[in-house]
Amino acid sequence: MAVPLSATDFFESKKVDFEIELATFSVFLPPGNFKLIEKHLKGNSTYLGRFKFEHSITDRLDKKDKGIYMFVLEDLNSFGPQFSYLLYVGRAQKTNSFRQRFYTYRGYIGSHEAPENYKFMTNFWSENTYIHFFKIEDDDKIVEIEKEIVRNLRPPLNSDYFVSKREAPTSLYDIN
């Protein structure tokens, strides 16, 4: 079984500015956005639970289940308040199941060759990485809900759906 990379190993070959970027992940928590996400998930999904990310995770996943999954950092301290941090939201759809998807992720445990996002998700916080699974049958709903979660909560390792430029507001006086 592969061993997760340590922070020292991970940064050994990285540029200094990359390390600074990692240390400055943003937190994006607009008050109403959690209610929007809850609304999307509540009627369309079944919560399958929270699983520690480790090599044996695939043993606990059904070979047919598909839907949305979330990589979350949890149990980050033992001194009082507990903090959780959403890292990434992904999907398994069509003929791809959670189990198939996580065979790929677990293959990157301890790998120096993994894509950068995968290194973060699978190696850097290995003791504190948990996955939350939401089973959804409808493939169109899976895509729609993933986009809504990413757009509203902006996990740092998802950048696919972020708006790259801000639209200028329209003034009432500019309407012709």
Side-chain angles (χ1 to χ4, degrees), residues 1-7 9-10 18 21-22 25-28 33-34 36-76 83-163:
M1 182 181 327
V3 177
L5 301 173
S6 71
D9 291 340
F10 184 80
F18 183 75
E21 275 186 50
L22 173 68
F25 277 158
S26 300
V27 176
F28 187 76
N33 290 20
F34 287 103
L36 290 172
I37 301 309
E38 182 181 9
K39 179 182 164 190
H40 282 288
L41 287 172
K42 215 169 203 168
N44 296 300
S45 71
T46 302
Y47 181 63
L48 299 179
R50 168 190 185 250
F51 297 81
K52 182 157 180 41
F53 180 73
E54 55 196 358
H55 195 269
S56 64
I57 192 169
T58 53
D59 299 342
R60 295 176 281 154
L61 298 172
D62 187 275
K63 60 183 173 184
K64 294 181 183 177
D65 287 346
K66 61 184 181 174
I68 301 292
Y69 57 89
M70 300 177 190
F71 276 81
V72 181
L73 293 180
E74 299 179 6
D75 304 331
L76 295 171
F83 300 99
S84 295
Y85 190 76
L86 178 63
L87 285 176
Y88 180 78
V89 175
R91 68 180 181 239
Q93 69 181 81
K94 298 183 181 173
T95 59
N96 195 6
S97 69
F98 289 136
R99 182 186 276 184
Q100 291 166 315
R101 192 75 186 100
F102 275 79
Y103 274 124
T104 302
Y105 287 125
R106 79 177 202 178
Y108 288 119
I109 294 174
S111 172
H112 292 276
E113 304 304 315
E116 294 302 319
N117 281 2
Y118 285 24
K119 284 181 189 176
F120 289 130
M121 293 185 298
T122 62
N123 290 298
F124 201 66
W125 297 280
S126 60
E127 292 301 312
N128 303 97
T129 303
Y130 291 85
I131 314 302
H132 294 262
F133 292 96
F134 297 86
K135 180 180 175 180
I136 303 170
E137 295 296 332
D138 183 299
D139 288 328
D140 292 333
K141 280 288 181 197
I142 292 170
V143 173
E144 174 190 328
I145 292 170
E146 181 200 29
K147 283 182 180 179
E148 282 301 306
I149 293 170
V150 171
R151 191 174 65 76
N152 283 289
L153 299 182
R154 298 185 184 201
L157 300 180
N158 287 90
S159 59
D160 301 352
Y161 305 116
F162 292 5
V163 176

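These figures come from a predicted structure and were not determined experimentally.
The line from CG of Leu87 to CG of Asn117 is 9.5 Å long, rounded to the nearest 0.5 Å. Note that CG of Asn152 is 8.5 Å distant from CZ of Arg154, once rounded to the nearest 0.5 Å. To the nearest 0.5 Å, atoms CD (Gln93) and CZ (Phe98) are separated by 11.0 Å. Interatomic distance, CG of Leu41 versus NE2 of His132, reported as 12.0 Å (0.5 Å rounding). The CD1 atom of Ile149 sits 8.5 Å away from atom NE2 of His40, with the distance rounded to the nearest 0.5 Å. Here Thr129 contributes atom OG1 and Phe51 contributes atom CZ; the two are 15.5 Å apart, rounded to the nearest 0.5 Å.
Using a 4.5 Å heavy-atom threshold, the side chains of Arg99 and Asp65 count as separate. You'll find the side chain of Phe53 reaches within 4.5 Å of the side chain of Ile109, heavy atoms only. Residues Phe134 and Ile145 are not in side-chain contact: their nearest non-hydrogen atoms beyond the backbone lie 4.5 Å or more apart. Asn123 is not listed as a side-chain neighbour of Tyr118, based on a closest heavy-atom distance of 4.5 Å or more.
Note on Lys39 versus Glu148: no salt bridge recorded, every NZ/NE/NH1/NH2 to OD/OE distance being 4.0 Å or above. Using a 4.0 Å cut-off between charged nitrogen and carboxylate oxygen, Lys147 and Glu144 do not count as a salt-bridge pair.
Phe102 and Phe133 have their aromatic ring centers within a separation under 6.0 angstrom.
Ring geometry, Tyr105 versus Phe71: the interplanar angle exceeds 60°, so the pair is classed perpendicular (tilted spans 30 to 60°). Taking the six-membered ring where tryptophan is involved, the planes of Tyr88 and Tyr69 are tilted, since the angle between them lies from 30° to 60°.
Under a 3.5 Å cut-off, the side chain of Asp139 and the backbone N or O of Lys94 do form a donor-acceptor pair. Under a 3.5 Å cut-off, the side chain of Lys119 and the backbone N or O of His112 do form a donor-acceptor pair.
Residues Ala92 and Lys66 approach most closely at O-CB, 3.2 Å, considering heavy atoms. The nearest pair of heavy atoms linking Ile68 to Ile142 is CD1-O, 3.3 Å. The nearest pair of heavy atoms linking Tyr130 to Lys52 is CD2-CA, 3.5 Å. In terms of heavy atoms, Glu74 sits closest to Ser84 at CG-OG, 3.6 Å. Between Asn44 and Lys141, the shortest heavy-atom distance links the atoms OD1-CE, 3.7 Å. When every heavy atom of Tyr108 is checked against every heavy atom of Thr122, the shortest pair comes out as O-OG1, 3.7 Å.
Atom CD of Gln100 has more than 12 heavy atoms from other residues, nucleotides or ligands within 6.0 Å.
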